[in-house]
**Q** 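Have a look at the structure that comes next, please.
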Amino acid sequence: MDGKTSTVHMKQNGSIKKVNLFQKRPNQRDGEVKTVKMATATENDDEDDDAYLHRHSGRNELLSKSAMLLSVRKTLPVFQNRGEIMKYLNANQVTVLIGETGSGKSTQIPQFMYENLQRNSKGGSIAVTQPRRVAAINLATRVASEYGCNVGDEVGYSVRFDNTTSPKTRLKYLTDGMLLRELMMNKELKEYSVIIIDEAHERTMLTDLILGFLKSLIQGPRPDLKIVIMSATLQAETFSNFFGGCPILFVEGRKFPVTQYYLRAPTDDIVDSIIRCCVQINQGEQMGDILCFLPGQEEIDKAVMILNKVSHIIAKENSVPLMVAYPLYAALPPAKQAFVFNPVKGFKRKVIFSTNIAETSVTISGVKFVVDAGLRKVKVWRHQLGLATLLTVPISQASAMQRSGRAGRESSGKSFRLYSENDYAKLPMQTEPEIARSDVTSPVLMLKKYGVDNIVNWNWFENPGKDAVMMGLQELYQLAALDDFGKITPKGEQMSLLPVQPHLAGVLIKASEYACLSQVIDIVSCLSVENLLLNPQPEQRDEVNERRLASCNEGSKYGDLIMLKELFDIYFNELSKSTSVNSERQDWCKELCVSYRGFKNVVKIRNQLRMYCRRLFKAEELANTVGEQKHNGLDNTDKIGQSKEEIGNILKCFLTGFTKNTAIGMPDRSYRTVTTGEAVSVHPSSMLFLDKACPAIMYTEYVFTTKGYARNVSRIELSWLQEMVSPSGNVAKRKVVE
DNA sequence: AGGGTTTTTT
C-alpha cells in the first residue's frame with residue numbers, strides 16, 4: 001500500500017522513453033510548501049498582514065536547517081530523478097516539464113538550475129514565475145531555507161509592494177505580472193539566463209502573454225536564454241508544439257488515491273443534491289471534513305443555512321457527527337474566511353461550501369471528501385458589444401480532476417460528482433484559456449509598448465482573434481494611446497507604465513491636466529481593490545445602505561465614484577490611525593460594511609500611484625515651466641468639497657476614459673446606452689439605484705447577468721458629454737491602420 | 001425595484 005511507482009517519461013519527437021523507479025511514500029509530506037498565512041478566526045486584524053517579516057538567521061542556524069531539510073528534499077520524486085531530468089534540461093533550450101502535485105518541481109528544479117549555473121561559473125539569474133503572490137512568497141521562503149540563506153540573499157522574491165531581492169539574488173520567484181513589467185522595461189530580460197514558467201496549465205492571460213514574448217526572445221535577441229515550462233496537467237503537447245516540438249518530461253507526484261463516485265441521474269437542484277450528499281457522507285463515512293464546490297455566493301449562502309439547520313436535527317436523532325457548515329468565497333470578509341481553516345473540536349464534521357477559490361488559491365487541511373456540483377461562474381467579454389456577461393457554465397474535465405484531487409492531499413479520499421459519468425465524459429478536456437474570453441485592450445497596449453507592429457499576426461500563444469485585437473486597437477485609439485497610423489503616442493507610453501487598466505490610466509493623465517490628480521488617484525485606488533464594498537447580508541442591506549448614504553453627502557447626489565472618495569476621506573483623514581484591537585477604523589468599516597483590509601490596500605495603491613505620477617508628469621512640468629508652473633493637483637490632498645466645479649472636473653476626467661460607458665435618461669425613467677441604444681439598469685449596489693432622475697449616467701463597468709447592469713455609476717450632465725467629446729477629441733470614428 | 005467566479009501590475 002505504501003510502495004509507489006514513481007515514473008519519469010521522456011518524450012521527444014514522438015518517441016517516448018520511460019524510466020521506472022520505485023519509491024516509498026514518506027509518512028510526512030512536508031517537502032511541499034503549504035499556504036503560509038493561515039489566519040485563525042481569533043486573530044486580530046490589526047497587523048499589516050501583507051508585510052511578511054522574514055526572520056533573519058545566522059549562518060550556523062541556516063546551514064543546520066538546510067541540512068535538515070535536505071533529507072526531506074531527497075524523498076521528492078523530482079529530486080530522485082534529478083540526473084535524468086537535468087540531462088534533458090541541460091541539453092535543450094526549451095523543456096516542458098509536467099510535474100504532478102507533490103513532485104517538488106516548483107522548489108527543486110530552480111535550485112538544480114542554480115547549482116548548474118554556479119558549477120559552470122555562468123552569470124545571470126533565474127526567474128521563476130507564479131500566477132499568485134502568495135505562491136511566489138511561500139516558495140521563495142521555503143527554497144531560501146532549503147538552500148541555506150535568508151530570503152533576499154541568493155534566493156528572493158518580487159511581487160507588487162514587496163520586493164525582497166538584493167544584488168546578491170540569483171534565484172528569484174516573481175508573479176507573472178511582475179515579469180511582464182520587467183519585460184516592458186528591459187525588453188531582452190538581460191539579467192536572466194534561465195526563465196521558468198510555473199503553473200502554465202492555468203493559462204492565465206499573463207502567463208500566455210509571457211510565453212509569446214519568450215518565443216520572440218529566443219528566436220531573436222536571446223538565443224542563449226534557457227526556458228522551462230512547468231505544468232501540472234497533460235496540456236504538454238500545446239506547449240511543446242509552440243516551442244518547436246521541444247522535449248516533454250513527465251514526473252509523477254505524490255498524492256493519495258481518491259475514489260470517484262458519480263450521480264446516477266442528473267439533478268436540477270444542485271443545492272438540494274449537495275445537502276443530501278453531505279448528509280449521506282456524514283452517516284456512512286469515516287471522520288474527515290467535506291469540501292463542496294458550488295458556482296456562486298447565492299447557492300453557497302443558501303446551502304450553509306440549510307445544512308446548519310438540518311445537521312442539528314440529524315445529529316440528535318442518529319449518533320452521527322454534528323456537521324458545521326462554513327461559506328468560502330472571495331467577497332467574504334477575511335475574518336469570516338478564516339473560519340474554514342480552524343479545525344472543529346469534538347464529535348463534529350466541518351463542511352465547507354466554496355466557489356472555485358478552493359480549487360487553486362486556497363488549500364484547506366483536513367479535507368477527506370469532495371462534493372462537486374460541476375459548475376463555475378465565468379466572465380466572458382463580448383468585444384462587439386463592449387460588455388461582459390457573467391455565465392454559470394459546466395467546468396472542464398481538468399478542473400473536475402483538480403477539485404477531486406483536493407480530497408487526496410493528506411490521505412486517501414473520496415470524491416462525489418453531482419453529475420453522471422456520461423456527462424463527465426462530455427465535458428471539455430481543458431478550461432477555455434482566459435485570453436480567449438477577455439478584453440485584450442491592455443495586452444494590445446503592452447505589445448505596442450514593446451514595439452510590436454503587427455498585433456493580429458504576433459506569435460500569440462493563443463490568438464484572441466482578429467475581432468478582439470481590432471476592438472482593442474480601436475479602444476486604444478479612442479483613448480489617444482495610438483495615433484492614426486496605429487503607432488503608440490507619448491500618452492500611450494505613459495499609460496503603459498501605470499499599473500491600472502488603460503481606461504483608468506487615461507483618466508489619471510486627464511486628471512493631471514485638470515489639476516485634480518490627487519483626488520482622482522484616491523478614487524482610482526479604491527476602484528483597483530476588489531471587494532472593497534462588501535455585500536451586506538440581506539437583513540442588514542437597507543440599514544447599511546442608509547448609513548452609507550448618510551456618510552456620503554455628495555456621493556448620494558453624484559454617485560459611486562464620489563462616494564468612494566468620501567469614504568476614503570473619512571477612513572484616511574477623519575478616523576484615528578491607531579491600530580488597537582478595536583480601532584476607530586475597524587469599527588467604522590464594520591458599520592458601513594466595507595473591507596478594512598481592502599482600505600489598507602487602497603492606501604498602498606494610492607502611494608504607488610502618487611509615486612509613479614510624480615515621476616511620470618515631472619518631465620511635462622519641466623517642459624511647461626515657461627512663465628507659470630503647471631499644476632497637476634497632486635499636492636492638493638484635501639477632502640473632497642462641495643464645489644460643483646471640483647466634482648464636475650473629477651467626473652469629466654473619468655468621462656474621457658469611459659466615454660463609451662454612458663447612457664441617457666429616457667422619459668420612462670430607464671437608461672439607454674449612447675453607443676448602441678441598449679437598455680441598461682443601475683446595479684442595486686449603486687448609490688444611484690433609487691435615483692431615477694439623472695439626465696445621463698457614466699459607469700466603469702457594464703456586466704450582463706439577468707439583464708444589463710451598470711456598476712460604479714455616476715450622474716453626469718448632457719453638456720459634459722458634448723464638452724468632452726469635442727471634434728478634436730478622441731471619439732472620432734476612424735479606422736485604425738494595422 | 002433588487003445583486004458579481006477568480007487572479008494580477010518596478
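Chain identifiers are assigned alphabetically (A, B, ...) following the order of the sequence lines, protein sequences preceding nucleic acid strands; residue numbering begins at 1 within each chain. Excluded from the calculations below are hydrogen atoms, water molecules and symmetry mates; all remaining heavy atoms, backbone and side chain alike, are included.
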**Q** So what does A:R376 hit on the nucleic acid, given a heavy-atom distance under 4.0 Å: a base, only sugar-phosphate, or nothing?
**A** nothing
**Q** If I take atom CG in residue A:D439 and atom P in nucleotide B:dT8, what distance separates them, rounded to the nearest angstrom?
**A** 19 Å
**Q** Nearest to the side chain of A:T355, which nucleotide is it out of B:dT5, B:dT8, B:dT10?
**A** B:dT5
**Q** Please give, in whole Å, the distance from B:dG2 C1' to A:M687 CE?
**A** 16 Å
**Q** Salt-bridged, A:R170 to A:E154, with N to O below 4.0 Å?
**A** no
**Q** If only side-chain N and O atoms of A:Y329 are considered, is one of them under 4.0 Å from the OP1 or OP2 phosphate oxygen of B:dT6?
**A** no
**Q** Among B:dT9, B:dT7, B:dT5, which nucleotide has an atom closest to any side-chain atom of A:R133?
**A** B:dT9
**Q** Any side-chain N or O of A:Q608 less than 4.0 Å from the OP1 or OP2 oxygen of B:dT10?
**A** yes
**Q** Among B:dT6, B:dT8, B:dT10, which is the nearest nucleotide to the side chain of A:T175?
**A** B:dT8
**Q** Counting only heavy atoms from other residues, nucleotides and ligands, does the tally under 6.0 Å from NZ of A:K187 exceed 12?
**A** yes
**Q** Rounded to whole Å, please give me the gap between NZ in A:K449 and C1' in B:dT9.
**A** 14 Å
**Q** So what does A:D176 touch, heavy atoms closer than 4.0 Å: a base, only the sugar-phosphate, or nothing?
**A** nothing
**Q** Hey, are A:K660 and A:Y702 close enough side-chain-wise for a donor-acceptor pair under 3.5 Å?
**A** no
**Q** Rounded to the nearest Å, what distance is computed from the CD atom of residue A:E191 to the P atom of nucleotide B:dT10?
**A** 14 Å
**Q** Check whether any side-chain N or O of A:K707 sits under 4.0 Å from OP1 or OP2 of B:dG2, and answer yes or no.
**A** yes
**Q** Side-chain N or O of A:R160 versus OP1/OP2 of B:dT9: is the shortest distance under 4.0 Å?
**A** no
**Q** Out of B:dG3, B:dA1, B:dT7, which has the shortest distance to the side chain of A:R541?
**A** B:dG3
**Q** Whether A:S528 contacts B:dT9 is assessed here as follows: a side-chain N or O lying under 4.0 Å from the phosphate OP1 or OP2. Is that the case?
**A** no
**Q** Between A:Y612 and B:dT10, is there a side-chain N or O to OP1/OP2 distance below 4.0 Å?
**A** yes
**Q** Using distance alone, with no hydrogens and no angle criterion, decide if A:S396 and A:S399 have a side-chain donor and acceptor under 3.5 Å apart.
**A** no
**Q** Compare the minimum distances between each of B:dG3, B:dT5, B:dT10 and the side chain of A:Y709, then state the nucleotide with the smallest one.
**A** B:dG3
**Q** Pick base, sugar-phosphate or nothing for A:D542, based on heavy-atom distances below 4.0 Å to the nucleic acid.
**A** base
**Q** Is A:M178 touching bases, backbone alone, or none of the nucleic acid, heavy atoms closer than 4.0 Å?
**A** sugar-phosphate
**Q** How many Å lie between CG on A:L534 and P on B:dG3, as a whole number?
**A** 19 Å
**Q** Classify the ring geometry of A:W458 against A:W460: parallel below 30°, tilted from 30° to 60°, perpendicular beyond 60°.
**A** perpendicular
**Q** By nearest atom, which of the nucleotides B:dT9, B:dG3, B:dT6 is closest to the A:A330 side chain?
**A** B:dT6
**Q** If you check the A:K377 side chain, which of B:dT5, B:dG2, B:dT6 turns out closest?
**A** B:dT5
**Q** Let me know the distance between CD of A:E530 and C1' of B:dT5, rounded to the nearest Å.
**A** 10 Å
**Q** Would you call A:R547 and A:E543 a salt bridge, taking side-chain N to carboxylate O under 4.0 Å as the test?
**A** yes
**Q** May I ask you to verify if any side-chain N or O of A:Q297 is less than 4.0 angstrom from the OP1 or OP2 atom of B:dT5?
**A** yes
**Q** Counting only side-chain nitrogens and oxygens, does A:S442 get under 4.0 Å of the OP1 or OP2 atom of B:dT9?
**A** no
**Q** Which part of the nucleic acid, if any, lies within contact of A:I357, taking any heavy atom under 4.0 Å across all strands shown: a base, the sugar-phosphate backbone alone, or nothing?
**A** sugar-phosphate
**Q** Does A:S685 put a side-chain nitrogen or oxygen below 4.0 Å from OP1 or OP2 of B:dG3?
**A** no
**Q** Does the pair A:R376 and A:E359 meet the rule for a salt bridge (charged side-chain N to carboxylate O under 4.0 Å, His left out), with working shown?
**A** CA-CA 11 Å; A:R376 68 178 178 130; A:E359 202 177 299; over 6 Å; no
**Q** Reckon A:E199 touches a base, only the sugar-phosphate, or nothing at all at heavy-atom distances under 4.0 Å?
**A** nothing
